[in-house]
Amino acid sequence: MAETHPMTTPLAPIINEEPRLVPETGVDARVTTAIEPILNAEGYRLVRVRLSGMNGMTLQIMAERADGTMMVEDCESISRLLSPLLDVEDIIDRAYHLEVSSPGIDRPLVRASDFGKWRGHIAKVETSIMIEGKRRFRGTITDAGSTSFTLERDKPSMNDVPIVEIPYDTVSDARLILTDELIEASLKASKKAKQVDGFDEDDAPNEKAPKTDNSKSSMPNTP
């Protein structure tokens, strides 16, 4: 009889979670307050919460494991965990769909540690204040310190500073740009996570490689 393996191993709780750079506001903030301690207790990190009018009304929750990976089974597990909680909390006063997803390959950078982890990759960054005369930047993350990171700009114009230092507390939005190098790094991380979980490609023949579009698990909710 062939040996079988569990799809995922239990995750260690996340303690003293690093704060995100841009906190939610309004309803999104109330959802965050309700779900983040639960996710951390289960070993997941919250990436983003967003309530949108897409498909009627959709609550998008983006999360990941502590190592930055995320599998379809994780999305399904989080959906089952949070759906009853959100119904009880009754934060959203109308029918909505709950959509749980991974950050994706071209992921948002939401914590200072994200910039260090993805050093050497290209990112698009927007800031809340003018820095070197600009608020929008695109370039390679070259360094990440305790209070700021540096970006070597893509194709700077004659008047642009080629390398800019951006304080974390000025970031209003940041996201990785899809490149072959980023895809390769993400595939390696995903493969390593599967090995830690105790199965390989032969154990899960239907598992697909990560794509730009996030893998999602969704279910309707009617508070």
Side-chain angles (χ1 to χ4, degrees), residues 14-37 39-40 44-54 57-64 66-68 70 91-92 99 101-179 181-183 185-186 189 212-214:
I14 295 177
I15 302 172
N16 298 325
E17 173 66 327
E18 178 188 358
R20 287 171 300 130
L21 300 176
V22 185
E24 286 80 11
T25 59
V27 174
D28 293 349
R30 295 198 291 275
V31 171
T32 296
T33 299
I35 70 172
E36 191 162 25
L39 289 175
N40 290 349
Y44 296 103
R45 308 167 76 209
L46 181 64
V47 175
R48 187 177 67 192
V49 170
R50 181 172 294 171
L51 183 65
S52 72
M54 183 175 60
M57 184 67 70
T58 299
L59 177 62
Q60 300 171 314
I61 296 175
M62 191 177 290
E64 63 186 353
D67 63 3
M70 193 71 164
I91 299 171
I92 303 171
E99 181 180 275
S101 74
S102 73
I105 297 179
D106 50 345
R107 56 163 300 139
L109 304 171
V110 299
R111 294 177 171 86
S113 60
D114 290 341
F115 291 86
K117 179 176 180 179
W118 296 104
R119 185 167 44 205
H121 292 282
I122 300 174
K124 181 168 62 175
V125 180
E126 295 185 16
T127 59
S128 57
I129 63 173
M130 300 284 279
I131 298 176
E132 300 292 349
K134 304 283 186 179
R135 286 191 178 181
R136 295 183 179 180
F137 305 89
R138 175 186 165 120
T140 302
I141 302 169
T142 56
D143 195 17
S146 58
T147 60
S148 64
F149 66 97
T150 56
L151 204 68
E152 184 175 353
R153 300 168 77 170
D154 260 359
K155 301 176 181 178
S157 66
M158 183 178 298
N159 297 324
D160 288 337
V161 176
I163 298 178
V164 61
E165 181 176 356
I166 302 175
Y168 294 122
D169 60 8
T170 67
V171 173
S172 60
D173 189 53
R175 177 177 290 276
L176 291 175
I177 299 296
L178 192 65
T179 63
E181 292 77 14
L182 180 59
I183 293 173
S186 298
T212 302
D213 293 336
N214 299 334

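Along the sequence shown, the residues carry numbers beginning at 1. Fair warning: this is a prediction, and the values are worked out from it, not measured in the lab.
- At least one side-chain heavy atom of Leu182 sits less than 4.5 Å from a side-chain heavy atom of Trp118.
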**Message:** Using side chain to side chain contact (heavy atoms under 4.5 Å, CB included), reason through Leu176 and Ile122 one step at a time and then give a plain yes or no.
**Reply:** CA-CA 6 Å; Leu176 291 175; Ile122 300 174; over 6 Å; no
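- Taking all atoms of both residues into account, the shortest heavy-atom contact from Ser148 to Pro167 is CB-CA, 3.7 Å.
- Applying the side chain to side chain contact (heavy atoms under 4.5 Å, CB included) criterion to Lys117, with sequence neighbours excluded, gives no partner residue.
- Within the 3.5 Å criterion, the main-chain N or O of Ser172 finds no donor-acceptor partner in the side chain of Ser128.
- The CD atom of Gln60 lies 9.5 Å from the CG atom of Asp28; values are rounded to the nearest 0.5 Å.
- For the pair Val171/Ile166, a side-chain contact is recorded, criterion being any heavy-atom separation below 4.5 Å from C-beta on.
- Here the OG1-CD distance, from Thr140 to Glu181, works out to 9.5 Å after rounding to the nearest 0.5 Å.
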**Message:** Apply side chain to side chain contact (heavy atoms under 4.5 Å, CB included) to residues Ile141 and Asp143 and explain how you reach the verdict.
**Reply:** CA-CA 6 Å; Ile141 302 169; Asp143 195 17; over 6 Å; no
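- Between the CG atom in Leu59 and the CD1 atom in Ile35 there is a gap of 7.0 Å [rounded to 0.5 Å].
- In this structure, Arg153 and Lys134 have side chains that are in contact, with non-hydrogen atoms separated by less than 4.5 Å.
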**Message:** Between Asp169 and Leu21, is the side chain to side chain contact (heavy atoms under 4.5 Å, CB included) condition met? List the steps.
**Reply:** CA-CA 7 Å; Asp169 60 8; Leu21 300 176; over 6 Å; no
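- For Glu132 (side chain) and Asp160 (main-chain N/O), no donor-acceptor pair under 3.5 Å exists by modelled atom type.
- Heavy atoms only, all atoms of each residue included: Leu151 and Thr142 are closest at N-OG1, 4.2 Å.
- The structure places OG1 of Thr58 at 8.0 Å from CG of Leu51, a figure rounded to the nearest 0.5 Å.
- Evaluation of the side chain to side chain contact (heavy atoms under 4.5 Å, CB included) rule for Ala29 yields Glu24 as partners, not counting sequence neighbours.
- Within the model, atoms CZ of Arg175 and CG of Asp173 stand 7.0 Å from one another, a figure rounded to the nearest 0.5 Å.
- Distance alone, capped at 3.5 Å, places no donor-acceptor pair between the Tyr168 side chain and the Ser146 backbone.
- Counting heavy atoms of neighbouring residues, nucleotides and ligands inside a 6.0 Å radius, atom CD of Glu126 exceeds 12 of them.
- Between Leu46 and Leu39, some side-chain heavy-atom pair lies under the 4.5 Å cut-off.
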**Request:** May I have the step-by-step check of side chain to side chain contact (heavy atoms under 4.5 Å, CB included) for Asp154 and Phe137, ending in yes or no?
**Result:** CA-CA 8 Å; Asp154 260 359; Phe137 305 89; over 6 Å; no
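- The OG1 atom of Thr179 sits 9.5 Å away from the CD1 atom of Ile105 when rounded to the nearest 0.5 Å.
- When each of Arg107, Arg48, Arg20 is tested with Asp114 by the rule salt bridge (charged side-chain N to carboxylate O under 4.0 Å, His left out), just one qualifies, namely Arg107.
- Between the side chains of Thr150 and Glu165, no donor N or O sits under 3.5 Å from an acceptor N or O.
- Asp106 and Leu178 get closest at one heavy-atom pair: CB-N, 4.1 Å.
- Nearest heavy-atom pair, Ile14 versus Ala66, reported as atom, atom and distance to 0.1 Å: CD1-CB, 4.0 Å.
- Between the Arg45 side chain and the Glu64 main chain, no donor and acceptor come within less than 3.5 Å of each other.
- The two residues Ser102 and Met62 have their closest heavy-atom pair at O-CG, 3.6 Å.
- Taking the six-membered ring for Trp and thresholds of 30 and 60 degrees, Phe115 and Phe149 have nearly parallel ring planes, at less than 30 degrees apart.
- Scanning both residues, Arg135 and Ile129, for their nearest heavy atoms gives CG-O, 3.6 Å.
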